[in-house]
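Encoded as structure tokens, the structure appears first; notes follow it.
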Amino acid sequence: MTEVREDPRLDRLVDLVVRLASGDLAARLEPSSARDAVDAVITGINLLADELEEMYQDLEQRVAERTAALDQAHLDLERMALSDSLTGLANRTLLNDRIQQAVARAERGAQPPAVLLLDLDEFKTINDSLGHGAGDAVLVEVARRLTSVIRDTDTVARLGGDEFAILMPDATEEQALRVAQRALRALRLPVTVGDRAVWALASIGLRFGSHSQTAEILLRDADTAMYAAKARGRGNIQVFQPAMHSTALARMQVATELGAGLAAGQLSLHYQPIVELATGEIIGAEALVRWLHPKRGQIIPAEFISVAEDSGLIVKIGHWGLRTAIGQLAAWARQFPLSPGFRLHVNLSPFEVRRPGLSEHIERTLEHHDVSPSRLTLEIAETGLMTGDTNGVETLLRLQALGISIEVDDFGTGHSSISSLRQLAADSVKLDESLIVDIASDPQQRQFVGAVLQLIESVGLGLVVEGVETAAQLDELQALGCRYGQGYYFSPAVTVEVMTHLLLSRAILGNPAGRPGAPGRQGKRPSGRSNGKC
Ligand code: C2E
Ligand code: MG
Ligand code: MG
């Protein structure tokens with residue numbers, strides 16, 4: 001037997017194969033200088049190892065890419081589940097989570113969190129009149145402004161629709177109130193959408209936390225406070241008080257019953273005569289809604305108009321009121337000739353004015369009853385006219401163009417400066433009763449009212465005074481040159497039957513025989529022309 005001397009390269013070759021097989025893809029073997037068959041195998045295995053290594057690296061890179069994509073998708077999903085897609089703010093789920101964390105921290109000794117709930121006051125009008133694209137742009141801008149007023153540790157969330165929340169963990173009451181005030185101020189500036197300026201004012205409810213409170217209770221109480229802010233006339237901040245709960249429940253009850261009451265015919269219009277002060281002659285009437293509740297009896301508007309505004313029912317009530325008032329004008333005109341300048345005044349809530357379609361609705365109703373627009377005056381509270389809402393101003397201008405008269409109601413209670421009266425789309429002003437309460441006993445008040453009247457006259461507006469209760473007030477008003485007014489001194493609001501009788505009998509109200517009729521400086525009638533219809 002011949003002994004074969006083993007080639008040492010074979011051992012190294014076996015070793016290489018073992019290393020490669022065990023995953024060491026960088027292992028290689030240098031071929032020898034012999035360049036024989038064994039070297040050829042070594043070179044072949046080296047080439048195979050190169051290829052294997054390349055394939056492996058490629059595979060590794062693809063795995064890394066897929067893993068990164070999966071991680072991103074996971075993050076996106078998480079963000080989508082926790083944030084609002086329109087504004088990028090936290091959503092309700094994330095807010096709840098953060099409130100819970102803040103509550104837990106308060107258990108360990110930190111300040112309890114404060115929660116602020118914020119609802120835009122007339123967002124629906126923006127959506128209805130300018131479209132959803134504009135509505136979205138407003139929401140994004142509101143989100144931006146709210147984010148600019150908070151501290152790094154606070155969270156702004158959008159809870160849905162036009163409802164936002166701010167969580168202030170570990171905040172003192174002063175800090176929380178300051179943030180709420182800053183938020184309110186930030187929203188007072190108009191938002192420009194296309195070529196329009198709109199206002200996204202908000203009502204804010206604030207709940208200071210106390211220990212061991214759940215996120216749910218904090219949010220619920222902030223919501224209750226927010227509704228209290230809305231009821232207070234909007235655009236203000238209310239801090240939660242436990243008594244607000246019962247008020248909120250009562251308002252909900254009123255809203256439910258009012259809707260049913262309207263459908264069941266429990267609402268009616270009463271009419272308060274408007275007279276020429278010097279003669280006591282009736283020159284118009286104000287239609288005032290009354291609700292005859294089956295259990296509570298007659299309810300005055302102060303108890304349900306703001307509920308109707310909050311619940312949106314005011315639009316139905318407003319349509320009903322206009323139909324009824326215009327129908328009544330037509331009914332009177334059928335029964336007897338109305339005096340040429342007689343006008344019926346109907347109150348409108350600012351909400352109705354800002355909703356699209358109001359002027360068309362009124363025009364159709366007037367046509368249906370064949371009543372002249374010059375018979376109608378629409379009273380809108382001063383505060384309702386001053387919001388700068390362009391849609392509302394256009395509606396008023398259209399109504400004026402039809403021949404309907406626009407009157408600024410409760411003048412002297414809002415924030416409008418007299419100079420801004422010139423910019424209002426109005427024909428006349430109704431001076432609020434609060435301005436004349438002390439007119440007979442307080443010379444300063446008399447002087448003040450005198451100055452106000454002069455300014456109203458100087459901008460060319462007509463004038464009616466409301467709340468005339470005494471002969472002494474009447475004398476002062478006449479001496480100041482007022483010509484038209486209404487109030488208990490002449491007549492309270494009366495039923496349609498009584499009003500019909502007053503008109504039919506051409507009643508003289510008050511006691512003009514006993515008074516000198518002072519010549520009027522306020523010469524302009526609060527109403528305009530008549531075109532010969534009823
Ligand atoms: P307003 O338009 O300023 O109406 C005048 C209110 O003063 C009426 O109260 C009237 O009854 C009352 N009043 C009349 N004479 C006197 C007086 O000599 N002294 C005093 N202190 N008050 C007098 P009312 O009927 O309770 O209406 C309250 C408010 O409710 C109205 O204020 C108006 O803003 C609103 N309102 C009434 N009817 C309607 C309606 O049909 N639609 C809308 N949107 N609002 C209405
Ligand atoms: Mg009125
Ligand atoms: Mg008034």
Side-chain angles (χ1 to χ4, degrees), residues 233 258 261-262 266-275 277 282 284-292 298-328 343-355 358 361-362 376-385 392 405-414 426 428-440 463-474 477 482 484-496 498-499 509-510 526-527:
L258 183 59
L262 176 65
Q266 291 166 10
L267 298 194
S268 67
L269 288 182
H270 279 200
Y271 298 87
Q272 183 173 37
I274 299 173
V275 304
L277 300 183
I282 300 174
E286 177 173 8
L288 293 159
V289 64
R290 297 288 180 265
W291 177 14
L292 190 61
Q298 183 156 289
I299 305 179
I300 56 167
E303 290 186 44
F304 62 87
I305 290 289
S306 80
V307 174
E309 287 176 341
D310 280 349
S311 60
L313 256 179
I314 193 69
V315 176
K316 275 192 183 168
I317 292 179
H319 279 199
W320 164 85
L322 280 160
R323 266 199 324 274
T324 310
I326 293 169
Q328 189 54 52
R343 275 180 178 263
L344 190 54
H345 291 226
V346 177
N347 290 283
L348 277 191
S349 158
F351 294 85
E352 298 171 69
V353 181
R354 283 181 220 132
R355 265 181 72 93
L358 177 74
H361 171 75
I362 295 180
L376 195 61
T377 293
L378 298 175
E379 295 188 11
I380 302 146
E382 180 186 6
T383 40
L385 284 167
S405 183
I406 306 294
E407 186 158 278
V408 186
D409 200 355
D410 303 334
F411 185 78
T413 53
S428 57
V429 158
K430 188 174 272 187
L431 201 68
D432 191 67
E433 68 201 32
S434 60
L435 290 187
I436 66 154
V437 171
D438 298 326
I439 196 169
L463 175 81
V464 180
V465 184
E466 69 181 348
V468 184
E469 292 184 350
T470 66
Q473 283 174 331
L474 176 60
L477 289 167
C482 296
Y484 306 102
Q486 66 191 88
Y488 298 155
Y489 181 76
F490 302 102
S491 165
V494 294
T495 59
V496 63
V498 175
M499 188 70 214
L509 302 175
S527 49

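Throughout, residue positions are numbered sequentially from 1 according to the sequence presented. Order of listing sets the numbers, starting from 1, for every ligand and every atom in it. What you see below is based on every heavy atom in this structure, not just the backbone, and it leaves out hydrogens, waters and symmetry mates. Model, not experiment: these values are computed from the prediction.
Atom 19 (N) of ligand 1 has as its closest protein heavy atom Glu469 OE2, 2.6 Å.
The one candidate from Gln272, His270, Gln486 that meets the side-chain hydrogen bond (donor to acceptor under 3.5 Å, both in side chains) condition with Glu286 is Gln486.
Checking Glu433 against the Mg ion (ligand 3), every N/O/S atom stays at or beyond the 2.8 Å cut-off. Glu379 lies close to the Mg ion (ligand 2), since one of its N, O or S atoms is found at a distance under 2.8 Å. For a distance bound of 2.8 Å, the N, O or S atoms of Glu286 include one lying that close to the Mg ion (ligand 2). Because the distance cut-off is set at 2.8 Å, Asp432 fails to qualify as a neighbour of the Mg ion (ligand 3), as none of its N, O or S atoms comes that close. With a cut-off of 2.8 Å, the Mg ion (ligand 3) has an N, O or S atom of Asp410 in range.
In Asp409, the part holding a heavy atom less than 4.0 Å from any atom of ligand 1 is the side chain. At a heavy-atom cutoff of 4.0 Å, ligand 1 is contacted by both the backbone and the side chain of Ser349. In Asp410, the part holding a heavy atom less than 4.0 Å from any atom of ligand 1 is the side chain. At a 4.0 Å heavy-atom cut-off, ligand 1 touches Ile305 through the side chain alone.
Taking all heavy atoms of Val437, Val465, Leu288, Ile380 into account, the minimum distance to atom 8 (C) of ligand 1 is reached by Leu288. Remark: among candidates Arg290, Glu309, His270, the nearest residue to atom 11 (O) of ligand 1 is Arg290, based on non-hydrogen atoms.
Backbone and side-chain nitrogen or oxygen atoms of Ile300 are examined, and none is located within less than 3.5 angstrom of a nitrogen or oxygen of ligand 1. Considering backbone and side-chain N/O atoms, Tyr489 never comes within less than 3.5 Å of an N/O atom of ligand 1. For ligand 1, one of its N or O atoms has an N or O atom of Glu466 under 3.5 Å away.
The two residues Cys482 and Val465 make their nearest non-hydrogen contact at SG-CG2, 3.7 Å. Ala426 approaches Val408 most closely through the heavy-atom pair CB-CG2, 3.6 Å.
Remark: distances from the non-hydrogen atoms of Gly318 to ligand 1 are all 4.0 Å or more. Distances shorter than 4.0 angstrom do not occur between any heavy atom of Lys430 and any atom of ligand 1. Put simply, part of Glu286 is less than 4.0 Å from ligand 1, judged by heavy atoms.
Angle OE2(Glu466) to the Mg ion (ligand 3) to OD1(Asp409): 110° [nearest 10 degrees].
Using the six-membered ring where Trp is involved, Phe304 and Trp291 have ring planes that are perpendicular, over 60° apart on the 30 and 60° scheme.
Atom numbering of ligand 1 starts at 1 in the shown order; those under 4.0 Å from a heavy atom of Glu379 are 2 (O).
Side-chain atoms of Glu309 and Ser349 form a donor-acceptor pair, as typed in the model, at a separation below 3.5 Å.
For the atom pair CH2 of Trp320 and CG of Leu313, the computed distance is 12.5 Å after rounding to the nearest 0.5 Å.
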